[in-house]
Amino acid sequence: MVQIETHFKCPVFSMKISGKTTQEDTRSYLSEMSKLIGKNENFGLLFDYPEGNLCRERGVIKLETTWFKHYRREFSKQCFGIAIVTKSFFMANVYHHIVQYLAKRTYGCPVNIFETRSDAQRWLMDLYLTPKQ
């Protein structure tokens, strides 16, 4: 299940993802992402995995990949940062630097992993308020 929130003080699109992510969930959040990109404004993303792991229905990765190929240029220009919140020890501590490096190359914006939602929100707010050089 995917729950979507938008924060108005800082343009952060956040998703709380628990259980298995379905194709329907994926279409829903990709539709919202398309709307964000259509506004031509900067935004940040917060992915919250309270159960600590990522479980996807078959076909979800293909939907995401197809969408991203279409929106890659706009996404890279408009997204000021991606924060991932997870309780997974391995993700937060062992794979942290690998995920950061690969995700930054893929998405074209800073990516960071946090153990708490408040730390993730604070990091995104700092990125939003810091002028780009």
Side-chain angles (χ1 to χ4, degrees):
M1 178 175 75
V2 177
Q3 293 176 313
I4 301 169
E5 301 175 2
T6 304
H7 304 276
F8 297 103
K9 293 184 181 179
C10 176
V12 172
F13 181 74
S14 69
M15 290 180 283
K16 185 177 257 185
I17 304 167
S18 58
K20 184 177 264 192
T21 302
T22 66
Q23 287 188 32
E24 183 178 326
D25 291 333
T26 304
R27 283 186 191 94
S28 174
Y29 86 74
L30 291 177
S31 172
E32 293 299 317
M33 293 288 299
S34 297
K35 290 176 190 174
L36 272 176
I37 288 174
K39 292 179 182 179
N40 202 24
E41 297 173 357
N42 292 338
F43 61 87
L45 298 174
L46 191 154
F47 295 103
D48 187 356
Y49 300 98
E51 296 168 5
N53 60 351
L54 177 61
C55 184
R56 298 175 177 166
E57 187 177 273
R58 177 175 262 183
V60 166
I61 293 173
K62 184 176 182 179
L63 286 171
E64 291 173 335
T65 303
T66 302
W67 181 89
F68 194 69
K69 282 180 183 178
H70 182 73
Y71 287 102
R72 181 182 180 91
R73 185 180 320 151
E74 295 89 349
F75 185 95
S76 295
K77 284 193 320 191
Q78 293 173 237
C79 183
F80 58 80
I82 300 172
I84 301 168
V85 179
T86 180
K87 300 288 187 228
S88 167
F89 173 82
F90 286 104
M91 181 67 91
N93 297 293
V94 178
Y95 299 123
H96 183 250
H97 296 292
I98 295 168
V99 169
Q100 277 184 304
Y101 174 76
L102 292 175
K104 180 164 176 59
R105 283 184 51 115
T106 301
Y107 299 113
C109 63
V111 177
N112 211 340
I113 300 173
F114 300 90
E115 292 181 10
T116 67
R117 192 173 174 92
S118 60
D119 288 344
Q121 289 170 327
R122 191 171 15 263
W123 180 76
L124 285 168
M125 182 65 84
D126 287 346
L127 287 176
Y128 177 65
L129 295 174
T130 303
K132 287 192 178 187
Q133 304 198 12

Q: Between Glu74 and Lys77, does at least one N-O distance fall below 4.0 Å, as a salt bridge requires?
A: no

Q: Check whether any side-chain heavy atom of Ile82 sits under 4.5 Å from a side-chain heavy atom of Cys109, and report yes or no.
A: yes

Q: Can you name the closest pair of heavy atoms from Leu127 and Gly81 and give their distance?
A: CD1-CA, 3.9 Å

Q: Look up atom CD1 in Ile84 and atom CG in Leu46, then write down how far apart they are to the nearest 0.5 Å.
A: 9.5 Å

Q: Does any N or O in the side chain of Gln23 come within less than 3.5 Å of the main-chain N or O of Arg58, such that one atom is a donor and the other an acceptor?
A: yes

Q: Got a donor-acceptor contact below 3.5 angstrom from the Ser34 side chain to the Leu30 backbone?
A: yes

Q: Is there a side-chain contact between Ser14 and Arg117 (heavy atoms, below 4.5 Å)?
A: yes

Q: Considering all heavy atoms of both residues, which atom of Lys20 and which atom of Asp25 are nearest to each other, and what is their separation?
A: O-OD2, 4.0 Å

Q: To the nearest 0.5 angstrom, please state how far the CE atom of Met15 sits from the OG atom of Ser28.
A: 9.5 Å

Q: To the nearest 0.5 Å, how far apart are CD in Glu57 and CD in Glu24?
A: 9.0 Å

Q: Side chains of Leu45 and Phe75: closer than 4.5 Å at any heavy-atom pair?
A: yes

Q: Side-chain contact test, heavy atoms from C-beta onward, threshold under 4.5 Å: evaluate it for Phe13 versus Glu32 and give yes or no.
A: yes

Q: Would the distance check show the side chain of Asp119 and the main-chain N or O of Thr116 forming a donor-acceptor pair, the cut-off being under 3.5 Å?
A: no

Q: Give, for atom CH2 of Trp67 and atom CE of Met33, the distance between the pair rounded to the nearest 0.5 Å.
A: 4.0 Å

Q: How close do Arg72 and Arg105 get, counting heavy atoms only, and between which atoms?
A: NH2-O, 3.4 Å

Q: Could you give the distance from CD1 (Ile61) to OG1 (Thr66), rounded to the nearest 0.5 Å?
A: 11.5 Å

Q: Do Thr26 and Glu64 have side chains that get closer than 4.5 Å, going by heavy atoms?
A: yes

Q: Can you label the angle between the Tyr29 ring and the Phe47 ring as parallel, tilted or perpendicular, going by 30° and 60°?
A: perpendicular

Q: For residues Ser76 and Tyr107, report the shortest heavy-atom separation together with the two atoms involved.
A: OG-O, 3.1 Å

Q: Where do Gly44 and Leu124 come nearest, in terms of heavy atoms and distance?
A: CA-CD2, 4.4 Å

Q: If I compare all heavy atoms of Glu41 with all of Phe43, which pair ends up nearest, and what's the gap?
A: O-CD2, 3.6 Å

